[in-house]
Structures are given as structure tokens and as C-alpha cells.
Student: 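First the structure, then my questions, so here it is.
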Amino acid sequence: MKNSRKSPEKSGKYILAKAMKEYGTKYVFGYTGGAIMPFFDELQQNFPGIKPIKVRHEQGAAFAAQGYARATGKIGFVATTSGPGATNTVTGVADAMMDSVPIFVITGQVPTSVVGTDAFQESDMVGIMYPITKQAVMPYSTDELAEKFFELTQIATQGRPGPVHLDLPKDIQLDTSEKTTYKPTNKREYYPTEKVSQTTYDNAIALINKAKRPIVFCGHGVILANAGKAFTDFVEKCNIPFSTTLHGISAVPSDHPLNLGMMGMHGTVAANRAITSSDLIISLGMRFDDRVTAKLSEYARNAQTIHVEIDASEIRKIVKTNIPINDDVKTAIKKFLSGAKRLPRKEWFSEIERNKQTWTKFISKQIRKGTGPNGRLLMKTVISRLSEITKGQDNIVADVGQNQMMSARFYNYQRFNTHFSSGGLGTMGFSLPTAIGVKIARPKERVWAICGDGGLQMNIQELGTILEHKLDIDIILLNNGVLGMVRQWQSLFFGKRYAETDLTNPDFMKIAEAYGMPSRRVEKVTEIDSAIRWAMENKGPTLTEFVCDKDELIMPMIPAGATFEEMIETDNDINF
């Protein structure tokens, strides 16, 4: 006789927490409230292995989850209440979508019985999240909760990673179901692609082997595919110089002899000039955004292009492509390695070396001096000294603006996936909460949050999260008293009319003191090294404020709408 006993029913909050435990979730970044209280209560009562990290603002939760995801390659989980709690996550979710970061956002929602009635703290979160996630759903039955959870985890991590969203009505958390588990019999493929033919790879290899002036582009996809070593093997075997996107930084050591540095609007002279005169671009895991291409009609007009990208929609979307390869980056690199040959390309490397020299001498002189005309510190000198003292071994979480470009250009990254920044959305306030996630993911490694005075104040409340969880994060504040990047544009293109870029700042050292965080203020070049070493030796969080020159520019710069040939290379090239 068959056992007719039914499986014991469990609440939706239990089913979700159990699914998260089975998935291997260790942390949930979030903030409680009326519509998500049942879920947090369940974690506290029955799932001590999943630790909530209570932030001070829901945007901070989304960015902290990003930091965790970027540092581990795993999904970062977020949980917030409905209404304003949910809408506060939107910027961090949009940022994750632009930069291909897998985060899973759970938002509480009003009961299904009042959905659509403008109930207290109700927002149409599926409608809001739909265009900025890979998938956004609301379950209308507790029976489907486990299935929806596991489907969303697959969607977040398959193909090009990205954020997903589960809008969770309060009654679904409290209702019960027998369907407490879900184990898919077949792993669903959310990015079905046709297998790339060997003929396509053979054609690409033939192009590589006959190119006289090739350049390889290293995009974020190289890091996402954990393909740093394969990439290095490829460029070394074939003797091809390479340039990185902002998110490709730290895929390969910054001082690798074939590395020309970052490309694009604030890229190096060597990289940008090489792109202009190249006859073949081999693009690996990047999407040719406008900060990379400048004036599109004139971009790399002498070059053929091989574009390898996991997301088929990005291929041929912006740049003409001779050989499109819709495949995993690591798979493609291994295919190239099987047939690509090493060529000397002496003339090509001689030209590249000439392009490096003048600019390198100019910038080295600035860094050595360390101050601008007004005697205040140069950001590039601070970052260069940080790089030298840490030997390029630490995790750098940069905010957005001039501090971001300085961190990208003047820190000598030596370890794989140690550079974190907001790229596509360019979100000020990114650094501090994202550093929290990186530190939780990598507790034994040093983490630096590099901020401008504008960006730090966007999410300064997360100092409370650092205080509560005793996180050893070292904050470098590059304080020039202005919104530096906007001011740079005003200096160059708006006749030095500084509309709304001057900042009236608080005493940041007193703020640090209020959060129990030791701090120092640095105004002299001779104090930079000792201040950095002080922060490194201090056990616990620190804030080091460097008083910087508001007139410092990040160069080179390609003006908006200009070509690579119109790149402004140094401060001396500016006609004010």
C-alpha cells in the first residue's frame, strides 16, 4: 500500500530561506520593514547560517551585494521592504545591469489582495525593475516560490551575468505549501546560441596570423570568464599588444610589457594611438560603448574586427565586425591558441614605444613634483604612492569621477580581479558600500575605498555599516572641494564657468570620529607615504583625507564627439 501521507506544509518565508540555504547563500544585504519582516524573522529563527548585513540605505545594499558578487563570482543577495525600500535599490540594480553583475534582489510587497490598489508602501516593482534586470517576477502562489527562486539564480548567472528581481507579497511569505523544494530535471538554457563553427575560428586565426598591426581588447568578459591566464597565454604566444576597458583592468598585471593601458576617453596615448593605426582589432568580452569609441564614424577605420562576446545582442550593435564570435571568452581564446602564430612585428612595437615616451616623461615629472600650482596635492601622486607602497597587491574600489580615472590609470594592479568601479552607469556613491561587499567576500585581504568628497557624501551613511560589522576598510578621500570631473569639463569646454560644482564640505575627520574611525588629514607630499602606512598598520577602518588641487586634470582626454586623432594628450596642449 502506497504512503498517502502528504508532505508537511511550510510557509513561503521558510521555503525561500531554505532555497537560499540550499543554493549556498551566506549573506543577505538589506534593510527590514513591514512587507519583508516575515522573511527576516525566518532567517533569525531558523537559518543562522545566512547572515543579514544591515545597511543604512537600500542603495547601499544593492552596491554591497555588487561588491560581494564582483569579488566572488557568485550571486550577491539583497532583501528590502516594499515601496521606498524597494525603489531605493533601483540605482544599484541599474548599475549592476550595465556592468553585468549577478545580484538577486528580493523586495517585499503588499499582500496580493490589495496589489494594484495604491496600498500603503505599494510600488509596481516588477514594472520598475523589468527594463533594468534580466528577469523580474512576482509569484502569486506560495507553490511556485521555490521554482521561481532557482529559475532566477540560473538566469542571473547564465550567459552574460546580471541582476534579477523577486517581488514577494507579504501573504505569499505567510501562506503555506507542500512544495518546499524544487530540483529542475534539466538545467534551462536562458542564452541559447548556435555553436560557433570551426570555419569561423579558422577564419579568425587566419586574420590574426597575417595582421601586421594587431591589438587585442581586454574587456570585463575576460574577468567574468576567469580567463586572465588564458588571455595572457594568448597575447604572449602571438606577441600582440593589448589594451583594457575600464572593467578589463586587473585581468592582467598593469605593468605587463604588452599592456598599453586603458583605452578610450581617458585612455593612454599609447593605447589610443595604437587603435587609430591598427589593422586588426581582436575584441574579447567588451561592448564598444561610447567612452571607448569616441566619434564612431571615424573609429578604427583602418582595422578589421574580430568580436568575441557571450551576449549576441552586443555584436555588430555599434562597431562593424568582420568575424562575429558569439561564444564564451575563455573558449574562444583556447581556440585561438590552437592555431595562432607568433610574429615579431618589430615596426609595430617601435611605433608603440615612441608613442609612450613623451607622455610618460611628462606625467612622471608631475607625479614626482606631487603638487599643483597652488601647492595642493595631486591625486595622481597619491594613487601612485599607494600603488608603490602596497606593491599593487590590494583591492581598489574606486568611486566615480576624477578619483576613478586616477585609480584606473595610476595604480599598478598585480592581482587578478582587484579593480572595482562603476562603469556603464557611472554612479557616484558607488565606492563605500561596494567596498563593504568586497571586504565581506575577501576578509583577509586589504580593501581601499577611493572617494572624492562629492562621491563619499552620496552614501556616507554606510560608515554606520562599517562600524556595526567592524569592517577593516581603509578610505582614501581625495578632497579637492569640487565635483572634479564636471569641473574639468567646465574648464575645457564651458569657458571656466563653474556652475554648481563647488562644494561646501563638513569636517570629515569629525564625522569619522563620530563613527569611531581614526582619521588623518594630509596636505604635504612628504606626509603621503607615512599616512598610507599608518592606514595599513591600523587594525580596523580608517579615513585618510588628502587635500588636493581642484585644478588638476586627468589626461589624456578625447572631447565628446571628437576623434582619437583629436585627443588632448597633456595639460600643455590646452589652449585656455
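By convention here, the first residue in the shown sequence is residue 1.
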Student: Would you confirm whether Thr293, through its side chain, and Leu296, through its main-chain N or O, come within 3.5 Å as a donor-acceptor pair?
Tutor: no

Student: Side chain of Glu462, backbone of His57: donor and acceptor closer than 3.5 Å?
Tutor: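 Confirmed, Glu462 side chain pairs with His57 backbone.
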
Student: Closer than 3.5 angstrom, by distance alone: can the side chain of Glu552 be matched with the main-chain N or O of Met379 as a donor-acceptor pair?
Tutor: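 Yes: the side chain of Glu552 pairs with the backbone of Met379.
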
Student: Kindly write out the residues that satisfy salt bridge (charged side-chain N to carboxylate O under 4.0 Å, His left out) with Asp233, not counting sequence neighbours, or none if the list is empty.
Tutor: Lys229

Student: Report yes or no: does Thr390 contribute a side-chain atom to a donor-acceptor pair with the main-chain N or O of Glu388 at less than 3.5 Å?
Tutor: no

Student: Quick check: closest heavy atoms across Leu483 and Met428, and the distance to 0.1 Å?
Tutor: CD2-CE, 4.0 Å

Student: Taking the six-membered ring for Trp, is the centroid-to-centroid distance between Phe231 and Phe242 below 6.0 Å?
Tutor: yes

Student: Mind checking the OG1-CD spacing from Thr268 to Glu569? Nearest 0.5 Å is all I need.
Tutor: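 Thr268 atom OG1 to Glu569 atom CD measures 10.5 Å (nearest 0.5 Å).
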
Student: Going by the ring-ring contact (aromatic ring centres under 6.0 Å, His included) test, which pairs reach into residues 302-331, not counting sequence neighbours?
Tutor: Phe288-His307

Student: Does Asn239 reach the main-chain N or O of Leu343 with its side chain, forming a donor-acceptor pair under 3.5 Å?
Tutor: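 Confirmed, Asn239 side chain pairs with Leu343 backbone.
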
Student: For the residue pair Thr133 and Val164, what are the closest heavy atoms and their distance?
Tutor: CB-CA, 4.3 Å

Student: Give the table of side-chain donor-acceptor pairs shorter than 3.5 Å for residues 89-100, with sequence neighbours excluded, one pair per line with atom names and distance.
Tutor:
residue: Thr89; atom: OG1; partner: Ala86; partner atom: O; Å: 2.6
residue: Asp95; atom: OD1; partner: Gln66; partner atom: NE2; Å: 3.0
residue: Asp95; atom: OD2; partner: Ser422; partner atom: OG; Å: 2.5
residue: Asp95; atom: OD2; partner: Thr427; partner atom: OG1; Å: 2.7
residue: Asp99; atom: OD1; partner: His247; partner atom: NE2; Å: 3.2
residue: Asp99; atom: OD1; partner: Gly424; partner atom: N; Å: 2.8
residue: Asp99; atom: OD2; partner: Arg70; partner atom: NH2; Å: 3.1
residue: Asp99; atom: OD2; partner: His247; partner atom: NE2; Å: 3.0
residue: Asp99; atom: OD2; partner: Gly423; partner atom: N; Å: 2.8
residue: Ser100; atom: OG; partner: Arg160; partner atom: NE; Å: 2.8

Student: Are Leu432 and Phe63 side-chain neighbours, meaning at least one heavy-atom pair lies under 4.5 Å?
Tutor: no

Student: CG/Leu492 to CG/Leu553 distance, rounded to the nearest 0.5 angstrom?
Tutor: 6.0 Å

Student: Between atom CD1 of Ile306 and atom CZ of Phe217, what is the distance when rounded to the nearest 0.5 Å?
Tutor: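 The distance works out to 12.0 Å.
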
Student: Does atom NZ of Lys550 have more than 12 heavy-atom neighbours from other groups under 6.0 Å away?
Tutor: no

Student: Which atom names give the shortest non-hydrogen contact between Gly452 and Asn403, and what distance separates them?
Tutor: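 Heavy atoms of Gly452 and Asn403 come nearest at N-ND2, 3.4 Å.
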
Student: Taking the basic N atoms (NZ, or NE/NH1/NH2) and the acidic carboxylate oxygens, is any pair closer than 4.0 Å for Lys439 and Asp474?
Tutor: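 Between Asp474 and Lys439 there is no salt bridge, as every charged N stays at least 4.0 Å from the carboxylate O atoms.
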
Student: Sequence neighbours left out, what pairs pass side chain to side chain donor-acceptor pair (under 3.5 Å) with at least one residue falling in residues 347-356?
Tutor: Arg213-Glu351, Arg273-Asn355, Ser277-Glu351, Glu353-Gln357

Student: Is Thr245 close to Arg291 at the side-chain level, that is, under 4.5 Å between some pair of heavy atoms?
Tutor: no

Student: Go through the structure and list residues passing salt bridge (charged side-chain N to carboxylate O under 4.0 Å, His left out) with Asp551, not counting sequence neighbours.
Tutor: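 For Asp551, the residues satisfying salt bridge (charged side-chain N to carboxylate O under 4.0 Å, His left out) (neighbours in sequence not counted) are Arg487.
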
Student: Whether Arg446 and Asp394 form a salt bridge (side-chain N of Lys/Arg under 4.0 Å from carboxylate O of Asp/Glu) is what I want to check.
Tutor: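 Between Arg446 and Asp394 there is a salt bridge, with a charged N closer than 4.0 Å to a carboxylate O.
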
Student: Not counting sequence neighbours, which residues clear side chain to side chain contact (heavy atoms under 4.5 Å, CB included) with Ala294? List them please.
Tutor: Ile558, Phe564

Student: So, does Gln457 use its side chain to make a donor-acceptor pair with the main chain of Asp453 at under 3.5 Å?
Tutor: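 Yes; judged by distance alone, with no hydrogens or angles, the pair exists.
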
Student: Walk me through whether Ser491 and Tyr498 qualify under side chain to side chain donor-acceptor pair (under 3.5 Å).
Tutor: CA-CA 8 Å; Ser491 295; Tyr498 299 123; 2.9 Å; yes

Student: Can you list everything that forms a side chain to side chain donor-acceptor pair (under 3.5 Å) with Gln366? Sequence neighbours excluded, please.
Tutor: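 Residues passing side chain to side chain donor-acceptor pair (under 3.5 Å) with Gln366: Lys380.
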
Student: Measure the acute angle between the ring planes of Phe336 and Phe234, then classify it against the limits of 30° and 60° as parallel, tilted or perpendicular.
Tutor: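 Because their plane-to-plane angle lies in the 30° to 60° range, the rings of Phe336 and Phe234 count as tilted.
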
Student: Around atom NZ of Lys212, are there more than 12 heavy atoms of other residues, nucleotides or ligands at under 6.0 Å?
Tutor: no

Student: Side-chain contact test, heavy atoms from C-beta onward, threshold under 4.5 Å: evaluate it for Met263 versus Thr244 and give yes or no.
Tutor: no

Student: Should we say atom NZ of Lys210 is surrounded by more than 12 heavy atoms from elsewhere, each under 6.0 Å from it?
Tutor: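 For Lys210, atom NZ is not crowded (no more than 12 foreign heavy atoms under 6.0 Å).
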
Student: Assess whether salt bridge (Lys or Arg N to Asp or Glu O under 4.0 Å) is satisfied between Glu527 and Arg520, documenting all intermediate values.
Tutor: CA-CA 10 Å; Glu527 299 171 345; Arg520 288 181 68 168; over 6 Å; no

Student: Begin with the C-alpha distance, continue with both residues' side-chain angles, and end with the deciding distance and a verdict on side chain to side chain contact (heavy atoms under 4.5 Å, CB included) for Leu246 and Ile249.
Tutor: CA-CA 6 Å; Leu246 178 67; Ile249 293 171; 4.3 Å; yes

Student: Quick check: does any side chain N or O of Ser387 sit under 3.5 Å from a backbone N or O of Asn412, one acting as donor and the other as acceptor?
Tutor: yes

Student: Could I get the full list of salt bridge (charged side-chain N to carboxylate O under 4.0 Å, His left out) partners for Asp502, not counting sequence neighbours?
Tutor: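 Partners of Asp502 by the salt bridge (charged side-chain N to carboxylate O under 4.0 Å, His left out) criterion come out as none, since no residue qualifies.
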
Student: Is a side-chain N or O of Gln59 found less than 3.5 angstrom from the main chain of Asn459, in a donor-acceptor match?
Tutor: no

Student: If you look at every heavy atom in Asp311 and Ser313, which pair is closest and at what distance?
Tutor: OD1-OG, 2.8 Å

Student: Test Ser519 against Glu545 for side chain to side chain donor-acceptor pair (under 3.5 Å), laying out the working first.
Tutor: CA-CA 8 Å; Ser519 63; Glu545 178 184 0; over 6 Å; no

Student: Checking Arg521 against Asn479 for the side chain to side chain contact (heavy atoms under 4.5 Å, CB included) test, could you report, in this order, the C-alpha distance in whole Å, the side-chain angles of both residues, the deciding distance, and whether it holds?
Tutor: CA-CA 10 Å; Arg521 180 177 289 124; Asn479 185 357; over 6 Å; no

Student: Please list, chain by chain and in numerical order, all residues satisfying salt bridge (charged side-chain N to carboxylate O under 4.0 Å, His left out) with Asp529, sequence neighbours excluded.
Tutor: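 By the salt bridge (charged side-chain N to carboxylate O under 4.0 Å, His left out) rule, Asp529 matches Arg385.
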
Student: Could you check whether any side-chain N or O of Arg442 sits under 3.5 Å from a backbone N or O of Gly437, counting only pairs where one atom can act as donor and the other as acceptor?
Tutor: no

Student: Could you check if a side-chain atom of Tyr299 sits within less than 4.5 angstrom of a side-chain atom of Thr276, using non-hydrogen atoms only?
Tutor: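 No, too far: nothing below the 4.5 Å cut-off.
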
Student: Excluding sequence neighbours, so at least two apart, what forms side chain to side chain contact (heavy atoms under 4.5 Å, CB included) with Ala61?
Tutor: Phe29, Val55, Val78

Student: According to side chain to side chain contact (heavy atoms under 4.5 Å, CB included), who are the partners of Lys317, at least two apart in sequence or on a separate chain?
Tutor: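 Once residues adjacent in sequence are excluded, the partners of Lys317 under the side chain to side chain contact (heavy atoms under 4.5 Å, CB included) criterion are Glu314.
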
Student: If we only count heavy atoms from C-beta on, is the Ser421 to Val397 side-chain gap below 4.5 Å?
Tutor: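 No; the side chains remain at least 4.5 Å from each other.
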
Student: Would you check if the side chain of Ser278 reaches a backbone N or O of Leu280 as a donor-acceptor pair within less than 3.5 Å?
Tutor: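 Side chain of Ser278 to backbone of Leu280, a donor-acceptor pair under 3.5 Å: yes, one is there.
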
Student: Please enumerate all residues that pass side chain to side chain contact (heavy atoms under 4.5 Å, CB included) together with Lys295, with sequence neighbours excluded.
Tutor: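 Residues passing side chain to side chain contact (heavy atoms under 4.5 Å, CB included) with Lys295: Ser297, Glu298, Thr563.
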
Student: Check Phe349 against Pro344 and note the closest heavy-atom contact, atom names and distance.
Tutor: CD1-O, 3.8 Å

Student: Give the minimum heavy-atom separation between Glu523 and Val547, together with the two atoms involved.
Tutor: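 Looking at all heavy atoms of both residues, the closest pair is CG-CG2, 3.7 Å.
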
